[in-house]
Trainee: 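Here it is, the structure in full.
Every number for a ligand or one of its atoms is a count from 1 in the order of the listing. This structure is a prediction, so every number in the text was calculated from the model and none was measured. Atoms considered below: every heavy atom in the structure, side chains included; atoms not considered: hydrogens, waters and symmetry mates.
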Amino acid sequence: MKAIIATWPFGLKAVESGWRILKNGGSALDAVEASIREIENDFSNRSVGLGGYPNIAGFIELDAAIMDGSTFRAGSVAAVRNVQNPISLARKVMENTPHVMIVGEGATKLAKIFGLYVEKVDLQPEARMEWERRLKAALSAPQQEGSINFWMKMVAEGRYNHDTIGCVAIDDNKNIVAGCSTSGYAFKLVGRVGDSPIIGSGLYANSFGGAAATGLGENIMVHNVSRKVVDFIEHGLPADEAAEKTVQYLLKIGKRIDHISFVSLDKDGLFGAGTTEESFEFAAMSDVFSEPRLLKVEKGARLRL
Ligand code: SD4
């Protein structure tokens, strides 16, 4: 059974785009890349792509990754600048290099080689205004500019920004692919990397299932959330129960579990989601639906359709 699932209400647009590919016999790999590009190309989004909030120095640094569960191939880029579609760059890393993860300047260099480089990046007016406001507030504080305290003031001022696009799909050949893309924590330190480009944390896929996470990367990565979900699937649980079990596990641990949400999908095309927030909305489409749907899961609960 074909299916595709994506994080947050904006995931609906992503799912629609990916479903067009799956419906016409296309691969999960193409579907996930297209879904994520759709969101990266929306410059009104402040948490994905070049419309996102910058780091404390005023530069947008993006994280993205893709994993093909049927081959265990994966590609990932982190803290990359001047790229509109980091998910496509991640796919290029996967398909054209022997590596999995490329960061910073090296990733920007690859973007030039693959024609994914954007020469001039202007912050969106709202993002620029917000960055300047925070800079001014930090400068007016007694800390010395450039000191760790000055930086921490800017980072702490940074509003928590939790809208990574994460997407998982299964195609007619039962290939499962997971991907995600984000501009990360708003007003982060230069070089900060979240969970999204880390295989096992922000995303994971194998032949049993796949998962993609969103929320506070610092918390998602210490629990290897996506691998944890797929582990439960591998041990025989359907995607919705695996999601529920993962959240129960996190709640039992009780440490560093704020702002963690994720979507999951299994080899039977069943899907689920989980959250440590009060609730979490996401989008899904599969052969059993007549059209893409927006769904919601409550904290610690199993998804009810
Ligand atoms: C991150 N999980 O960089 C990602 C992005 C996100 O907080 O979901 N924003 O932490």
Trainee: Do G215 and ligand 1 have an N or O pair less than 3.5 Å apart?
Mentor: yes
Trainee: Side chain or backbone, does E218 bring an N or O within less than 3.5 Å of an N or O on ligand 1?
Mentor: no
Trainee: Would you check, one step at a time, whether the test side chain to side chain contact (heavy atoms under 4.5 Å, CB included) holds for H223 with R256?
Mentor: CA-CA 9 Å; H223 296 295; R256 297 207 79 160; 4.0 Å; yes
Trainee: Take atom CD of E105 as the centre, draw a 6.0 Å sphere, and report whether it contains more than 12 heavy atoms from other residues, nucleotides or ligands.
Mentor: no
Trainee: Heavy atom under 4.0 Å from ligand 1: found in M221's side chain, backbone, both, or neither?
Mentor: neither
Trainee: Within the structure, does T214 bring an N/O atom to less than 3.5 angstrom of an N/O atom in ligand 1?
Mentor: yes
Trainee: Can you tell me if M129 has over 12 outside heavy atoms packed within less than 6.0 Å of its CE?
Mentor: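 Check fails, neighbour count at 12 or below.
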Trainee: Compute the minimum heavy-atom distance from H259 to ligand 1 and say whether it is under 4.0 Å.
Mentor: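 Not so, H259 does not reach ligand 1.
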Trainee: Answer side chain, backbone, both or neither: which part of T164 comes under 4.0 Å from ligand 1, heavy atoms only.
Mentor: both
Trainee: State whether K23 and E16 are salt-bridged, where the test is any N-O pair (Lys NZ or Arg NE/NH1/NH2 against Asp/Glu carboxylate O) under 4.0 Å.
Mentor: no
Trainee: Regarding ligand 1, does G217 bring an N or O atom to under 3.5 Å of one of the ligand's N or O atoms?
Mentor: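 Looking only at distances, the answer is yes, because the N/O contact criterion of under 3.5 Å is met.
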Trainee: My understanding is that only residues two or more places apart in sequence, or in another chain, count here; which of them pass salt bridge (Lys or Arg N to Asp or Glu O under 4.0 Å) with D231?
Mentor: R227
Trainee: Taking K136 first and then E132, would you say they form a salt bridge - that is, a charged N and a carboxylate O separated by under 4.0 Å?
Mentor: no
Trainee: Can you name the residues that form a salt bridge (Lys or Arg N to Asp or Glu O under 4.0 Å) with K2, not counting sequence neighbours?
Mentor: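 Residues passing salt bridge (Lys or Arg N to Asp or Glu O under 4.0 Å) with K2: D172, D287.
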Trainee: Quick check on contacts: which atoms of ligand 1 are under 4.0 angstrom from a heavy atom of D195?
Mentor: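 In order of numbering, the contacting atoms are 1 (C), 2 (N), 4 (C), 10 (O).
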Trainee: Could a heavy atom of D63 be found less than 4.0 Å from some atom of ligand 1?
Mentor: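 D63: no contact with ligand 1 (<4.0 Å).
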Trainee: Check ligand 1 against G194 and write out every atom of the ligand that is under 4.0 Å from a heavy-atom position of the residue.
Mentor: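 Those of ligand 1 that fall under 4.0 Å from G194 are 3 (O).
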